[in-house]
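Data block below; observations after.
Here the structure is a predicted model, which is why all the values come from computation and not from measurement. Scope of the values below: all heavy atoms of this structure, side chains included, with no hydrogens, waters or symmetry mates.
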Amino acid sequence: MEINELPQMDPRALQATSVQATDEDAHTVEPQALRITAASSNPKMFTLPWHKPLATWPEDLLANLPRGISRHVVRFVHVGDEVYAMKEITRQVAEREYELLRRLQKLELPTVKPIAVVTGRHTRDGEPLEAILVTKHLKFSLPYRALFARNLRPDTAERLIDALAVLMVRLHLAGFYWGDVSLSNVLFLRDADAFSAFLVDAETGDLHISLTEGQREYDIDLARTNIIGELMDLASGRLLPSDVDEIEVGNRLVDRYHSLWSALTDTDKFGPDEMWKIEKRVNKLNELGFDVDELEMKTAEDGKRVLVRPRVVDAGYASRKLLRLTGLDVQENQARRLLNDLDAYRASTWREGEELEIVATDWMREVYEPTVRMIPREYRSQIEPAQFFHEVLDHRWFLAEKAGHDVPMGEAVESYIQNVLPNYKLDDKAVNELNAEADSGVVDDDSMYGDGGYNPDDDPDAAVWSH
(Lines give C-alpha, C1' and ligand atoms only; values in the text may rest on other atoms or scores of the structure.)
Protein backbone atom coordinates (compact mmCIF):
# COMPACT_ATOMS: atom_id res chain seq x y z
CA MET A 1 0.00 0.00 0.00
CA GLU A 2 1.35 3.44 -0.94
CA ILE A 3 1.90 5.97 1.84
CA ASN A 4 -0.89 8.19 0.54
CA GLU A 5 -3.27 5.22 0.66
CA LEU A 6 -2.88 4.72 4.40
CA PRO A 7 -6.06 5.45 6.36
CA GLN A 8 -6.14 8.96 7.78
CA MET A 9 -8.01 10.59 10.65
CA ASP A 10 -11.13 12.42 9.47
CA PRO A 11 -10.03 16.05 8.82
CA ARG A 12 -13.18 17.28 10.58
CA ALA A 13 -11.85 15.76 13.81
CA LEU A 14 -8.30 17.01 13.29
CA GLN A 15 -9.45 20.60 12.88
CA ALA A 16 -12.15 20.55 15.56
CA THR A 17 -10.50 22.58 18.31
CA SER A 18 -7.56 24.79 19.22
CA VAL A 19 -7.36 23.20 22.68
CA GLN A 20 -4.60 20.62 22.96
CA ALA A 21 -4.68 18.81 26.31
CA THR A 22 -1.34 18.60 28.11
CA ASP A 23 0.20 15.26 29.00
CA GLU A 24 -1.25 14.14 32.31
CA ASP A 25 2.19 13.04 33.53
CA ALA A 26 3.74 16.41 32.72
CA HIS A 27 3.83 18.88 35.61
CA THR A 28 2.95 22.00 33.63
CA VAL A 29 2.45 25.36 35.29
CA GLU A 30 -1.15 26.09 36.19
CA PRO A 31 -2.60 29.32 34.71
CA GLN A 32 -2.42 32.17 37.21
CA ALA A 33 -5.36 34.07 35.73
CA LEU A 34 -8.85 32.97 34.78
CA ARG A 35 -8.97 31.60 31.24
CA ILE A 36 -12.13 30.63 29.37
CA THR A 37 -11.75 28.82 26.06
CA ALA A 38 -15.22 28.68 24.53
CA ALA A 39 -16.73 27.10 21.43
CA SER A 40 -19.51 29.72 21.39
CA SER A 41 -19.75 33.25 22.71
CA ASN A 42 -22.00 33.88 25.69
CA PRO A 43 -21.05 37.09 27.56
CA LYS A 44 -22.91 35.86 30.65
CA MET A 45 -20.11 33.30 31.14
CA PHE A 46 -17.88 36.06 32.53
CA THR A 47 -20.41 36.95 35.26
CA LEU A 48 -20.37 33.53 36.94
CA PRO A 49 -18.69 33.05 40.36
CA TRP A 50 -15.65 31.17 39.09
CA HIS A 51 -13.82 32.07 42.33
CA LYS A 52 -16.07 29.74 44.32
CA PRO A 53 -16.03 25.91 44.44
CA LEU A 54 -18.84 24.65 42.21
CA ALA A 55 -20.60 22.93 45.13
CA THR A 56 -21.06 26.35 46.81
CA TRP A 57 -22.53 28.28 43.87
CA PRO A 58 -25.73 30.20 44.81
CA GLU A 59 -29.07 28.48 44.38
CA ASP A 60 -30.48 31.23 42.17
CA LEU A 61 -28.00 30.27 39.44
CA LEU A 62 -28.82 26.56 39.50
CA ALA A 63 -31.39 24.67 37.44
CA ASN A 64 -33.10 21.92 39.44
CA LEU A 65 -32.67 19.11 36.93
CA PRO A 66 -31.89 15.46 37.70
CA ARG A 67 -28.19 14.63 37.56
CA GLY A 68 -26.53 11.30 36.96
CA ILE A 69 -24.05 9.68 39.33
CA SER A 70 -20.57 11.15 38.84
CA ARG A 71 -17.19 11.02 40.55
CA HIS A 72 -17.04 14.80 40.26
CA VAL A 73 -19.14 17.77 41.37
CA VAL A 74 -21.69 18.51 38.63
CA ARG A 75 -24.27 21.31 38.53
CA PHE A 76 -26.75 22.63 35.97
CA VAL A 77 -26.39 26.40 35.74
CA HIS A 78 -28.52 29.11 34.13
CA VAL A 79 -26.29 31.20 31.85
CA GLY A 80 -28.50 33.81 30.24
CA ASP A 81 -31.20 31.94 28.32
CA GLU A 82 -29.19 28.72 28.23
CA VAL A 83 -28.71 25.91 30.75
CA TYR A 84 -25.17 24.54 30.95
CA ALA A 85 -23.81 21.48 32.75
CA MET A 86 -20.70 22.33 34.78
CA LYS A 87 -18.26 19.60 35.86
CA GLU A 88 -15.39 20.39 38.23
CA ILE A 89 -12.30 18.34 37.34
CA THR A 90 -8.53 18.68 36.99
CA ARG A 91 -7.23 20.91 34.22
CA GLN A 92 -5.68 18.10 32.19
CA VAL A 93 -8.90 16.07 32.22
CA ALA A 94 -11.07 19.11 31.46
CA GLU A 95 -8.94 20.11 28.46
CA ARG A 96 -8.73 16.55 27.17
CA GLU A 97 -12.46 15.91 27.46
CA TYR A 98 -13.29 19.26 25.85
CA GLU A 99 -10.94 18.44 22.98
CA LEU A 100 -12.48 14.97 22.52
CA LEU A 101 -16.08 16.23 22.64
CA ARG A 102 -15.26 18.91 20.06
CA ARG A 103 -13.85 16.26 17.73
CA LEU A 104 -16.84 13.96 18.20
CA GLN A 105 -19.24 16.85 17.55
CA LYS A 106 -17.47 17.64 14.28
CA LEU A 107 -17.96 14.00 13.31
CA GLU A 108 -21.71 14.53 13.96
CA LEU A 109 -21.85 11.86 16.65
CA PRO A 110 -24.47 11.86 19.44
CA THR A 111 -22.70 13.56 22.34
CA VAL A 112 -23.39 16.49 24.61
CA LYS A 113 -22.20 19.75 23.07
CA PRO A 114 -18.98 21.17 24.59
CA ILE A 115 -19.24 24.87 25.38
CA ALA A 116 -16.05 25.83 27.21
CA VAL A 117 -13.18 24.80 29.42
CA VAL A 118 -12.41 27.17 32.31
CA THR A 119 -8.93 27.10 33.88
CA GLY A 120 -6.89 29.33 36.16
CA ARG A 121 -9.60 29.49 38.83
CA HIS A 122 -8.66 30.83 42.25
CA THR A 123 -10.54 31.82 45.40
CA ARG A 124 -10.52 35.42 46.60
CA ASP A 125 -7.65 34.39 48.88
CA GLY A 126 -5.63 33.07 45.95
CA GLU A 127 -6.15 29.36 46.63
CA PRO A 128 -6.25 27.36 43.36
CA LEU A 129 -9.50 25.68 42.30
CA GLU A 130 -10.03 22.87 39.83
CA ALA A 131 -10.96 23.57 36.23
CA ILE A 132 -14.53 23.34 34.99
CA LEU A 133 -15.76 21.66 31.81
CA VAL A 134 -18.89 23.33 30.45
CA THR A 135 -21.33 21.47 28.19
CA LYS A 136 -24.78 22.42 26.97
CA HIS A 137 -27.66 20.73 28.76
CA LEU A 138 -29.30 18.28 26.39
CA LYS A 139 -32.89 19.45 26.53
CA PHE A 140 -35.52 16.82 27.39
CA SER A 141 -32.82 14.26 28.23
CA LEU A 142 -32.65 12.29 31.47
CA PRO A 143 -30.09 10.05 33.22
CA TYR A 144 -31.19 6.45 33.48
CA ARG A 145 -32.01 6.61 37.20
CA ALA A 146 -34.45 9.47 36.62
CA LEU A 147 -36.22 7.39 33.97
CA PHE A 148 -36.73 4.52 36.40
CA ALA A 149 -38.06 6.95 39.01
CA ARG A 150 -41.16 7.33 36.81
CA ASN A 151 -43.94 4.94 35.88
CA LEU A 152 -42.49 3.39 32.75
CA ARG A 153 -43.16 0.35 30.64
CA PRO A 154 -41.71 -2.95 31.94
CA ASP A 155 -39.37 -3.19 28.93
CA THR A 156 -37.66 0.13 29.66
CA ALA A 157 -34.34 -1.54 30.53
CA GLU A 158 -34.29 -3.40 27.21
CA ARG A 159 -35.07 -0.23 25.25
CA LEU A 160 -32.27 1.66 26.99
CA ILE A 161 -29.87 -1.18 26.18
CA ASP A 162 -30.89 -1.09 22.51
CA ALA A 163 -30.17 2.65 22.41
CA LEU A 164 -26.79 2.15 24.07
CA ALA A 165 -25.89 -0.56 21.55
CA VAL A 166 -26.60 1.84 18.66
CA LEU A 167 -24.51 4.54 20.34
CA MET A 168 -21.58 2.17 20.86
CA VAL A 169 -21.66 1.01 17.25
CA ARG A 170 -21.72 4.59 15.95
CA LEU A 171 -18.82 5.61 18.18
CA HIS A 172 -16.79 2.52 17.29
CA LEU A 173 -17.36 3.03 13.56
CA ALA A 174 -15.87 6.52 13.99
CA GLY A 175 -12.83 5.12 15.82
CA PHE A 176 -13.79 6.21 19.33
CA TYR A 177 -12.65 3.93 22.13
CA TRP A 178 -14.83 4.69 25.16
CA GLY A 179 -13.03 2.92 27.99
CA ASP A 180 -15.76 3.41 30.60
CA VAL A 181 -19.09 2.35 29.08
CA SER A 182 -22.02 2.45 31.47
CA LEU A 183 -25.56 3.73 31.74
CA SER A 184 -24.25 6.44 34.07
CA ASN A 185 -22.16 7.95 31.28
CA VAL A 186 -25.12 8.32 28.93
CA LEU A 187 -28.14 10.61 28.66
CA PHE A 188 -31.35 9.31 27.09
CA LEU A 189 -33.95 11.04 24.94
CA ARG A 190 -37.32 9.51 24.19
CA ASP A 191 -37.50 8.59 20.52
CA ALA A 192 -41.08 7.50 19.72
CA ASP A 193 -41.38 4.02 21.30
CA ALA A 194 -37.62 3.74 21.78
CA PHE A 195 -34.80 5.86 23.21
CA SER A 196 -31.80 7.64 21.74
CA ALA A 197 -28.55 7.60 23.72
CA PHE A 198 -25.98 10.42 23.92
CA LEU A 199 -22.43 10.24 25.23
CA VAL A 200 -22.06 12.55 28.23
CA ASP A 201 -18.72 11.52 29.73
CA ALA A 202 -15.60 11.08 27.58
CA GLU A 203 -12.95 11.23 30.31
CA THR A 204 -11.47 7.82 29.54
CA GLY A 205 -12.07 7.90 25.79
CA ASP A 206 -9.64 8.08 22.91
CA LEU A 207 -10.13 8.75 19.20
CA HIS A 208 -8.30 6.57 16.66
CA ILE A 209 -8.37 6.21 12.89
CA SER A 210 -10.08 2.86 13.51
CA LEU A 211 -10.45 0.41 16.38
CA THR A 212 -9.06 -3.07 16.67
CA GLU A 213 -11.42 -5.93 17.42
CA GLY A 214 -9.77 -6.19 20.85
CA GLN A 215 -10.58 -2.58 21.69
CA ARG A 216 -14.20 -3.02 20.62
CA GLU A 217 -14.62 -6.25 22.55
CA TYR A 218 -13.08 -4.70 25.66
CA ASP A 219 -15.64 -1.87 25.52
CA ILE A 220 -18.47 -4.38 25.03
CA ASP A 221 -17.38 -6.62 27.91
CA LEU A 222 -16.93 -3.64 30.23
CA ALA A 223 -20.34 -2.30 29.23
CA ARG A 224 -21.99 -5.62 30.02
CA THR A 225 -20.33 -5.80 33.45
CA ASN A 226 -21.18 -2.20 34.38
CA ILE A 227 -24.77 -2.44 33.18
CA ILE A 228 -25.47 -5.59 35.16
CA GLY A 229 -24.12 -3.86 38.27
CA GLU A 230 -26.16 -0.71 37.66
CA LEU A 231 -29.36 -2.68 37.14
CA MET A 232 -28.71 -4.70 40.30
CA ASP A 233 -28.31 -1.40 42.13
CA LEU A 234 -31.68 -0.28 40.76
CA ALA A 235 -33.23 -3.57 41.85
CA SER A 236 -31.90 -3.11 45.39
CA GLY A 237 -33.59 0.29 45.49
CA ARG A 238 -36.82 -1.26 44.17
CA LEU A 239 -36.72 0.89 41.02
CA LEU A 240 -36.42 -2.07 38.64
CA PRO A 241 -39.44 -4.28 37.86
CA SER A 242 -39.09 -7.58 39.70
CA ASP A 243 -39.32 -9.66 36.52
CA VAL A 244 -36.25 -8.03 34.89
CA ASP A 245 -33.23 -10.36 34.72
CA GLU A 246 -30.20 -8.08 35.03
CA ILE A 247 -27.77 -10.59 33.52
CA GLU A 248 -30.09 -11.24 30.59
CA VAL A 249 -30.29 -7.50 29.91
CA GLY A 250 -26.50 -7.25 30.01
CA ASN A 251 -26.23 -10.11 27.53
CA ARG A 252 -28.79 -8.36 25.33
CA LEU A 253 -26.35 -5.48 24.84
CA VAL A 254 -23.69 -7.85 23.55
CA ASP A 255 -26.12 -9.52 21.15
CA ARG A 256 -27.61 -6.24 19.89
CA TYR A 257 -24.17 -4.72 19.36
CA HIS A 258 -22.82 -7.67 17.36
CA SER A 259 -26.02 -7.90 15.29
CA LEU A 260 -25.90 -4.22 14.34
CA TRP A 261 -22.14 -4.21 13.74
CA SER A 262 -22.53 -7.19 11.41
CA ALA A 263 -25.38 -5.53 9.48
CA LEU A 264 -23.27 -2.41 8.94
CA THR A 265 -19.86 -3.91 8.14
CA ASP A 266 -20.22 -7.45 6.72
CA THR A 267 -19.32 -8.20 3.13
CA ASP A 268 -22.04 -10.04 1.18
CA LYS A 269 -21.51 -12.43 -1.73
CA PHE A 270 -23.94 -12.24 -4.63
CA GLY A 271 -24.19 -14.13 -7.89
CA PRO A 272 -24.44 -12.19 -11.17
CA ASP A 273 -28.20 -12.92 -11.26
CA GLU A 274 -28.77 -11.85 -7.62
CA MET A 275 -27.90 -8.15 -7.86
CA TRP A 276 -31.39 -7.27 -6.63
CA LYS A 277 -30.16 -8.37 -3.19
CA ILE A 278 -27.87 -5.33 -3.11
CA GLU A 279 -30.89 -3.04 -3.06
CA LYS A 280 -32.41 -5.21 -0.33
CA ARG A 281 -29.22 -4.78 1.75
CA VAL A 282 -29.28 -1.00 1.29
CA ASN A 283 -32.98 -0.84 2.20
CA LYS A 284 -32.28 -2.82 5.37
CA LEU A 285 -29.58 -0.37 6.38
CA ASN A 286 -31.95 2.54 5.70
CA GLU A 287 -34.55 0.89 7.92
CA LEU A 288 -31.92 0.70 10.67
CA GLY A 289 -31.53 4.46 10.26
CA PHE A 290 -28.18 4.50 8.42
CA ASP A 291 -27.24 6.17 5.15
CA VAL A 292 -25.07 4.35 2.60
CA ASP A 293 -22.55 6.61 0.88
CA GLU A 294 -21.18 4.13 -1.62
CA LEU A 295 -20.86 0.40 -2.31
CA GLU A 296 -17.50 -1.31 -2.66
CA MET A 297 -17.86 -4.14 -5.20
CA LYS A 298 -15.26 -6.56 -6.50
CA THR A 299 -15.27 -9.99 -8.13
CA ALA A 300 -14.43 -13.01 -5.97
CA GLU A 301 -11.43 -15.16 -6.82
CA ASP A 302 -13.59 -17.80 -8.51
CA GLY A 303 -15.03 -15.12 -10.81
CA LYS A 304 -18.54 -16.36 -10.16
CA ARG A 305 -19.47 -14.16 -7.19
CA VAL A 306 -19.51 -10.43 -6.54
CA LEU A 307 -18.35 -9.21 -3.13
CA VAL A 308 -20.29 -6.18 -1.91
CA ARG A 309 -19.60 -4.07 1.18
CA PRO A 310 -21.51 -0.86 1.92
CA ARG A 311 -19.78 2.27 3.16
CA VAL A 312 -22.07 3.55 5.89
CA VAL A 313 -21.62 7.24 6.58
CA ASP A 314 -24.07 8.11 9.34
CA ALA A 315 -27.28 7.38 11.13
CA GLY A 316 -30.30 9.61 10.62
CA TYR A 317 -31.83 8.52 7.30
CA ALA A 318 -35.42 9.37 8.26
CA SER A 319 -34.59 12.42 10.36
CA ARG A 320 -32.69 14.03 7.48
CA LYS A 321 -35.60 13.37 5.11
CA LEU A 322 -38.07 14.95 7.55
CA LEU A 323 -35.74 17.91 8.11
CA ARG A 324 -35.58 18.50 4.36
CA LEU A 325 -39.37 18.34 4.00
CA THR A 326 -40.51 20.24 7.09
CA GLY A 327 -37.55 21.82 8.86
CA LEU A 328 -38.24 19.65 11.94
CA ASP A 329 -35.05 18.38 13.59
CA VAL A 330 -36.09 15.31 15.60
CA GLN A 331 -34.86 11.84 16.62
CA GLU A 332 -34.81 9.01 14.09
CA ASN A 333 -37.81 6.99 15.30
CA GLN A 334 -39.84 10.15 15.84
CA ALA A 335 -39.03 11.11 12.24
CA ARG A 336 -40.27 7.75 10.97
CA ARG A 337 -43.56 8.20 12.83
CA LEU A 338 -44.06 11.74 11.56
CA LEU A 339 -43.25 10.68 8.00
CA ASN A 340 -45.82 7.88 8.28
CA ASP A 341 -48.44 10.37 9.44
CA LEU A 342 -47.48 12.67 6.59
CA ASP A 343 -47.99 9.78 4.15
CA ALA A 344 -51.38 9.02 5.72
CA TYR A 345 -52.37 12.68 5.40
CA ARG A 346 -51.31 12.68 1.75
CA ALA A 347 -53.42 9.59 1.03
CA SER A 348 -56.48 10.80 2.98
CA THR A 349 -56.49 14.10 1.07
CA TRP A 350 -56.11 12.34 -2.32
CA ARG A 351 -52.86 14.13 -3.10
CA GLU A 352 -50.54 11.26 -4.07
CA GLY A 353 -49.78 13.02 -7.36
CA GLU A 354 -48.59 16.25 -5.74
CA GLU A 355 -45.05 17.14 -4.79
CA LEU A 356 -44.34 15.80 -1.30
CA GLU A 357 -42.73 19.10 -0.26
CA ILE A 358 -46.02 20.96 -0.92
CA VAL A 359 -48.09 18.35 0.94
CA ALA A 360 -45.63 18.49 3.85
CA THR A 361 -46.15 22.25 4.18
CA ASP A 362 -49.92 21.79 4.46
CA TRP A 363 -49.51 18.88 6.91
CA MET A 364 -47.37 21.08 9.13
CA ARG A 365 -49.93 23.89 9.10
CA GLU A 366 -53.09 21.78 9.41
CA VAL A 367 -52.01 18.81 11.55
CA TYR A 368 -48.67 19.01 13.33
CA GLU A 369 -48.52 22.62 14.49
CA PRO A 370 -52.10 22.84 15.87
CA THR A 371 -51.44 19.64 17.85
CA VAL A 372 -48.14 20.61 19.48
CA ARG A 373 -49.44 24.09 20.30
CA MET A 374 -51.80 22.37 22.74
CA ILE A 375 -48.92 21.24 25.01
CA PRO A 376 -49.64 22.90 28.39
CA ARG A 377 -47.07 25.51 29.36
CA GLU A 378 -45.94 23.62 32.47
CA TYR A 379 -45.00 20.57 30.34
CA ARG A 380 -43.10 22.35 27.57
CA SER A 381 -39.79 21.69 29.29
CA GLN A 382 -40.75 18.06 30.00
CA ILE A 383 -41.58 16.63 26.57
CA GLU A 384 -40.40 17.29 23.04
CA PRO A 385 -43.11 18.41 20.59
CA ALA A 386 -42.36 15.50 18.23
CA GLN A 387 -42.61 13.01 21.10
CA PHE A 388 -45.88 14.61 22.22
CA PHE A 389 -47.27 14.26 18.69
CA HIS A 390 -46.21 10.62 18.50
CA GLU A 391 -47.79 9.75 21.83
CA VAL A 392 -51.01 11.57 20.96
CA LEU A 393 -51.25 9.45 17.80
CA ASP A 394 -50.81 6.31 19.90
CA HIS A 395 -53.43 7.52 22.38
CA ARG A 396 -55.84 8.38 19.56
CA TRP A 397 -55.51 4.84 18.18
CA PHE A 398 -56.18 3.45 21.67
CA LEU A 399 -59.29 5.61 22.08
CA ALA A 400 -60.58 4.68 18.61
CA GLU A 401 -60.13 0.95 19.27
CA LYS A 402 -61.99 1.29 22.56
CA ALA A 403 -64.81 3.35 21.04
CA GLY A 404 -65.09 1.33 17.82
CA HIS A 405 -64.84 4.43 15.60
CA ASP A 406 -62.44 7.24 14.68
CA VAL A 407 -61.75 9.88 17.33
CA PRO A 408 -61.13 13.55 16.36
CA MET A 409 -57.55 14.72 16.89
CA GLY A 410 -58.60 17.51 19.27
CA GLU A 411 -60.46 15.07 21.49
CA ALA A 412 -57.46 12.72 21.53
CA VAL A 413 -55.13 15.55 22.55
CA GLU A 414 -57.35 16.62 25.44
CA SER A 415 -57.67 13.04 26.68
CA TYR A 416 -53.90 12.51 26.43
CA ILE A 417 -53.15 15.71 28.36
CA GLN A 418 -55.55 14.74 31.12
CA ASN A 419 -54.75 11.04 31.46
CA VAL A 420 -51.20 10.38 30.20
CA LEU A 421 -49.08 13.52 30.22
CA PRO A 422 -48.95 13.87 34.04
CA ASN A 423 -46.76 10.74 34.13
CA TYR A 424 -43.96 12.87 32.67
CA LYS A 425 -43.67 15.22 35.60
CA LEU A 426 -40.85 14.74 38.10
CA ASP A 427 -41.64 16.78 41.21
CA ASP A 428 -38.98 18.71 43.11
CA LYS A 429 -38.85 16.09 45.87
CA ALA A 430 -38.01 13.32 43.41
CA VAL A 431 -35.36 15.46 41.69
CA ASN A 432 -33.77 16.40 45.02
CA GLU A 433 -33.61 12.74 46.06
CA LEU A 434 -31.97 11.78 42.76
CA ASN A 435 -29.43 14.60 43.03
CA ALA A 436 -28.59 13.76 46.64
CA GLU A 437 -27.88 10.22 45.51
CA ALA A 438 -25.80 11.53 42.59
CA ASP A 439 -23.71 13.69 44.93
CA SER A 440 -23.02 10.72 47.18
CA GLY A 441 -20.73 9.31 44.49
CA VAL A 442 -18.49 12.40 44.29
CA VAL A 443 -14.86 11.89 45.29
CA ASP A 444 -12.25 14.48 46.29
CA ASP A 445 -9.95 14.51 43.28
CA ASP A 446 -7.12 16.31 45.08
CA SER A 447 -6.92 13.80 47.91
CA MET A 448 -7.32 10.83 45.60
CA TYR A 449 -5.00 11.77 42.79
CA GLY A 450 -2.63 14.34 44.28
CA ASP A 451 -0.94 16.97 42.13
CA GLY A 452 -0.36 14.75 39.13
CA GLY A 453 -3.88 14.98 37.75
CA TYR A 454 -6.32 12.25 36.93
CA ASN A 455 -4.89 8.83 36.13
CA PRO A 456 -7.37 6.05 35.24
CA ASP A 457 -4.90 3.46 36.56
CA ASP A 458 -5.43 4.92 40.04
CA ASP A 459 -9.20 5.00 39.74
CA PRO A 460 -11.04 1.81 40.76
CA ASP A 461 -14.18 2.95 38.92
CA ALA A 462 -12.57 3.63 35.55
CA ALA A 463 -11.39 1.27 32.84
CA VAL A 464 -7.74 0.91 31.93
CA TRP A 465 -7.03 2.73 28.68
CA SER A 466 -6.44 0.62 25.61
CA HIS A 467 -3.90 1.78 23.08
Side-chain angles (χ1 to χ4, degrees), residues 139-142 144 146-163 188-197 239-244 249 287 289 318-319 321-322 325-326 328 330-351 359-360 362-427 430:
K139 198 173 182 181
F140 305 112
S141 69
L142 288 171
Y144 79 102
L147 286 167
F148 282 99
R150 300 180 174 190
N151 296 321
L152 294 176
R153 285 165 37 181
D155 64 347
T156 296
E158 287 84 357
R159 291 186 291 147
L160 295 183
I161 291 307
D162 291 347
F188 293 95
L189 277 176
R190 285 179 178 81
D191 184 8
D193 289 326
F195 288 95
S196 293
L239 291 176
L240 195 68
S242 59
D243 60 343
V244 173
V249 173
E287 288 171 5
S319 58
K321 180 178 179 181
L322 184 71
L325 290 171
T326 67
L328 294 174
V330 305
Q331 303 301 309
E332 184 70 5
N333 291 316
Q334 292 170 348
R336 287 197 191 101
R337 187 63 188 275
L338 268 59
L339 287 170
N340 287 341
D341 194 68
L342 171 58
D343 287 341
Y345 170 82
R346 189 184 196 187
S348 67
T349 53
W350 305 94
R351 300 173 67 180
V359 178
D362 291 341
W363 173 82
M364 283 284 292
R365 185 182 66 252
E366 297 174 11
V367 181
Y368 182 80
E369 290 176 349
T371 300
V372 300
R373 276 199 298 266
M374 294 180 71
I375 301 175
R377 184 176 299 276
E378 64 269 26
Y379 288 99
R380 290 177 186 172
S381 63
Q382 307 285 324
I383 185 170
E384 288 179 280
Q387 184 68 22
F388 177 86
F389 188 84
H390 158 75
E391 295 193 12
V392 165
L393 291 180
D394 273 357
H395 190 66
R396 185 186 186 192
W397 179 88
F398 168 78
L399 293 176
E401 186 180 48
K402 185 177 179 180
H405 57 76
D406 283 343
V407 173
M409 193 66 166
E411 181 180 330
V413 173
E414 291 176 1
S415 174
Y416 173 83
I417 290 173
Q418 180 178 350
N419 299 303
V420 180
L421 193 55
N423 293 331
Y424 269 82
K425 208 165 186 65
L426 265 178
D427 58 32

Could you check whether the rings of Tyr416 and His395 sit parallel, tilted or perpendicular, using 30° and 60° as the cut-offs?
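It falls in the perpendicular class, over 60°.
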Taking only residues two or more places apart in sequence, or in another chain, which ones meet Pro376 in a side chain to side chain contact (heavy atoms under 4.5 Å, CB included)?
Glu378, Tyr379, Ile417, Leu421
Taking only residues two or more places apart in sequence or in another chain, which ones pass side chain to side chain contact (heavy atoms under 4.5 Å, CB included) with Asp394?
Asp193, Arg337, His390
Less than 4.0 angstrom from a charged side-chain N to a carboxylate O is my criterion; do Arg365 and Asp362 meet it?
yes
Exam field: side chain [X] to backbone [Y], donor-acceptor pair closer than 3.5 Å:
X: Asp191; Y: Ser196; value: no
X: Thr371; Y: Val367; value: yes
X: Gln334; Y: Gln331; value: yes
X: Gln387; Y: Ala192; value: yes

Of Phe188, Phe195, Tyr144, which is the lone residue that meets side-chain contact (heavy atoms from CB on, under 4.5 Å) with Thr156?
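For Thr156, the side-chain contact (heavy atoms from CB on, under 4.5 Å) test succeeds with only one of Phe188, Phe195, Tyr144, which is Phe195.
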Identified side-chain contact (heavy atoms from CB on, under 4.5 Å) counterpart of Leu338 within the set Leu393, Leu328, Asp343
Leu328
Do Gln418 and Glu414 pair up side chain to side chain, a donor and an acceptor below 3.5 Å, judged on atom types alone?
no
Got a sec: does the OH of Tyr345 have more than 12 other heavy atoms crowding it under 6.0 Å?
yes
What's the verdict on side chain to side chain contact (heavy atoms under 4.5 Å, CB included) for Trp363 and Thr326, showing C-alpha distance, side-chain angles and the deciding distance?
CA-CA 9 Å; Trp363 173 82; Thr326 67; 4.2 Å; yes
